[in-house]
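A quick write-up on the structure given underneath.
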Protein chains: 2
Amino acid sequence: MKPGVSPDTFPPRSHEAKRVSVVDAAASVFCREGYAGANIDLIAAEAGVSRQTVYNHHGDKEKLFVAVVRDLTERCNAGIFATIASFPDQPTNLEADLVAFAVRMNRNCICNRDGRFLRKLIQAEGERCPELFAEWREQGPGRTWSALAARFARLAFAGHLSIGDPDVAARQFFALVNAELQITFMLGGVPTEEEVLRSATNGVRTFLGAFARRKSPAGKQAALAHA
Amino acid sequence: MKPGVSPDTFPPRSHEAKRVSVVDAAASVFCREGYAGANIDLIAAEAGVSRQTVYNHHGDKEKLFVAVVRDLTERCNAGIFATIASFPDQPTNLEADLVAFAVRMNRNCICNRDGRFLRKLIQAEGERCPELFAEWREQGPGRTWSALAARFARLAFAGHLSIGDPDVAARQFFALVNAELQITFMLGGVPTEEEVLRSATNGVRTFLGAFARRKSPAGKQAALAHA
DNA sequence: GACGAATTGGACAAGCCTGTCTAAATTTGT
DNA sequence: ACAAATTTAGACAGGCTTGTCCAATTCGTC
């Protein structure tokens with residue numbers, strides 16, 4: 001019989017599943033307590049395994065930490081690129097499409113578990129492990145920013161935007177869209193769906209105020225008689 | 001020493017100076033190593049005092065940490081308000097004045113020692129001490145943001161900007177102006193003067209692209225009589 | 001059902017850190 | 001110069017954590 005239906009206890013897991021459990025629990029504890037304050041016993045308990053299993057899988061605390069950061073980086077990158085794939089290359093309603101994209105990016109990459117944890121680990125331990133986080137910087141921002149800039153450049157090329165430097169525009173887009181969430185992020189909190197939507201709406205509006213083409217390139221925006 | 005006889009010179013200079021040394025060293029070590037990883041012996045050595053002196057002045061590690069955060073908050077707030085006082089209320093060249101203001105704010109409040117340390121402590125330990133950082137939130141952002149919003153509202157009232165919500169505009173201004181420094185901030189680094197200037201210039205340009213009055217795009221706005 | 005591999009729980013040593021204590025040296029105010 | 005307060009170095013106990021070892025148990029697979 002399979003005793004895996006009890007919701008309170010851990011169902012039986014494979015070798016690999018336990019490895020993942022340990023990394024997940026370690027991410028949570030490292031974030032909550034900091035590297036020095038993280039306790040292997042607590043990680044083991046939170047993962048539902050014995051302490052010995054943690055050592056069997058990952059060697060020691062430092063190696064476990066590295067595994068956590070690599071894991072989070074990989075998963076976050078996957079989420080970011082998946083979301084970038086949904087960038088509105090051919091928008092029907094530019095403002096609404098960009099807001100929706102910004103909200104997706106927030107929900108799937110920035111505010112979700114992996115995104116919050118990775119950001120906090122980078123902030124807290126970045127200086128302690130220069131080479132590890134230099135690697136993250138190449139793998140993460142180094143690629144995602146240029147991918148995003150390419151999308152904005154395409155929007156501009158198609159006549160939807162009037163952009164000088166696409167890299168600058170991409171960074172400013174995210175700065176604007178998250179402008180009202182900074183303090184929540186700083187304190188490690190999770191913004192509500194309403195806050196995310198409001199910040200994104202305000203941000204996109206300002207972004208388009210600066211970068212939207214004012215001469216009605218495609219014809220649909222001609223309805224908006226501005227000044 | 002007779003207590004109460006000389007109310008003007010209560011604390012011997014060296015005594016108070018040592019207290020400050022300890023707080024400064026503690027800020028540095030708490031930031032570098034995290035709260036749990038911070039070692040009182042190291043703090044004492046870095047402050048140039050004995051460990052016992054640390055305990056004499058501040059009681060225990062937790063109290064020392066609280067003293068550090070309060071100290072940094074106070075000093076940062078002073079710097080922020082001093083810089084806000086230099087906000088260009090009557091700009092001669094709006095873009096240049098706003099860029100200069102943004103650069104001042106960065107140099108004096110965000111990138112300096114106190115600003116970097118306070119930000120890192122908030123990010124790293126904010127969740128561990130909710131009441132302490134709730135207090136910071138009231139004392140710091142709660143006041144500085146509304147003061148800044150008031151300055152932008154005045155600029156709008158004077159006809160230099162076309163703003164919907166001044167609070168939103170203030171937050172977006174700083175988001176834009178620091179847009180290109182985010183990763184450096186995240187890793188605890190200090191941007192160069194050139195990076196700060198470039199980010200501020202790009203940010204202000206976009207900000208004005210969204211909020212500058214559109215009536216006279218290329219002319220000198222200072223020529224208009226202020227009503 | 002049986003066998004090998006993985007897992008568990010607990011004991012264990014070694015090291016580190018906090019916070020206290022003491023006696024000696026130093027500084028401060030008068 | 002004197003007396004009180006402060007500072008210092010070092011020792012010290014108590015607690016906690018890491019990483020290892022091991023015997024007993026459970027799991028996966030044939």
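Remember, predicted model here, so these are calculated numbers, not experimental data. Each chain gets a letter, A, B and so on, in the order the sequences are listed, and its residues count up from 1.
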Report yes if at least one side-chain N or O of A:N39 is closer than 4.0 Å to OP1 or OP2 of D:dT18; otherwise report no.
yes
Where does the angle between the aromatic ring planes of B:F207 and B:F173 fall among parallel (under 30°), tilted (30 to 60°) and perpendicular (over 60°)?
perpendicular
Heavy atoms, side chains only, cut-off 4.5 Å: are B:W136 and A:L187 in contact?
yes
Spacing of B:Y55 atom OH relative to C:dG19 atom P, expressed in whole Å:
4 Å
Using a 4.0 Å heavy-atom cut-off, does B:A38 contact any base of the nucleic acid, only the sugar-phosphate backbone, or nothing at all?
sugar-phosphate
Which atom names give the shortest non-hydrogen contact between B:A210 and A:T206, and what distance separates them?
CB-O, 3.3 Å
Bend angle of the helix from C:dG1-D:dC30 to C:dT30-D:dA1, from helix axes over five pairs at each end, nearest 10°:
50°
In whole angstrom, what separates B:K18's NZ from D:dA5's C1'?
12 Å
Calculate the interatomic distance between B:L64 atom CG and C:dT18 atom P; express it in whole Å.
11 Å
Calculate the interatomic distance between B:F65 atom CZ and C:dT18 atom C1'; express it in whole Å.
17 Å
Using a cut-off of strictly less than 4.0 Å, decide whether A:T53 has a side-chain nitrogen or oxygen near OP1 or OP2 of C:dA6.
no
Between P of C:dA23 and CD of B:Q52, the distance in whole Å
14 Å
Could you check how far CG of B:D60 sits from P of D:dG14, rounded to whole Å?
20 Å
Ring centres under 6.0 angstrom apart (B:F152, B:F87):
yes
Can you tell me which residue pairs pass the salt bridge (Lys or Arg N to Asp or Glu O under 4.0 Å) test with a partner in residues 133-147 of chain A, sequence neighbours excluded?
A:R70-A:E135
What's the shortest heavy-atom distance between B:E193 and B:V103, and which atoms?
OE2-CG1, 4.0 Å
Between C:dT7 atom P and A:H57 atom NE2, what is the distance in whole Å?
4 Å
Side-chain donor-acceptor pair under 3.5 Å between A:Q139 and A:T73, yes or no?
no
A:K61 NZ to D:dC16 P: how many Å, rounded?
16 Å
Closest of D:dA11, C:dA11, C:dT8 to the B:R51 side chain is D:dA11
Under 4.0 Å, counting only non-hydrogen atoms across every strand here, what does B:A36 touch: a base, just sugar-phosphate, or nothing?
nothing
Candidates D:dT7, C:dG10, C:dT18 - which lies nearest the side chain of B:N56:
D:dT7
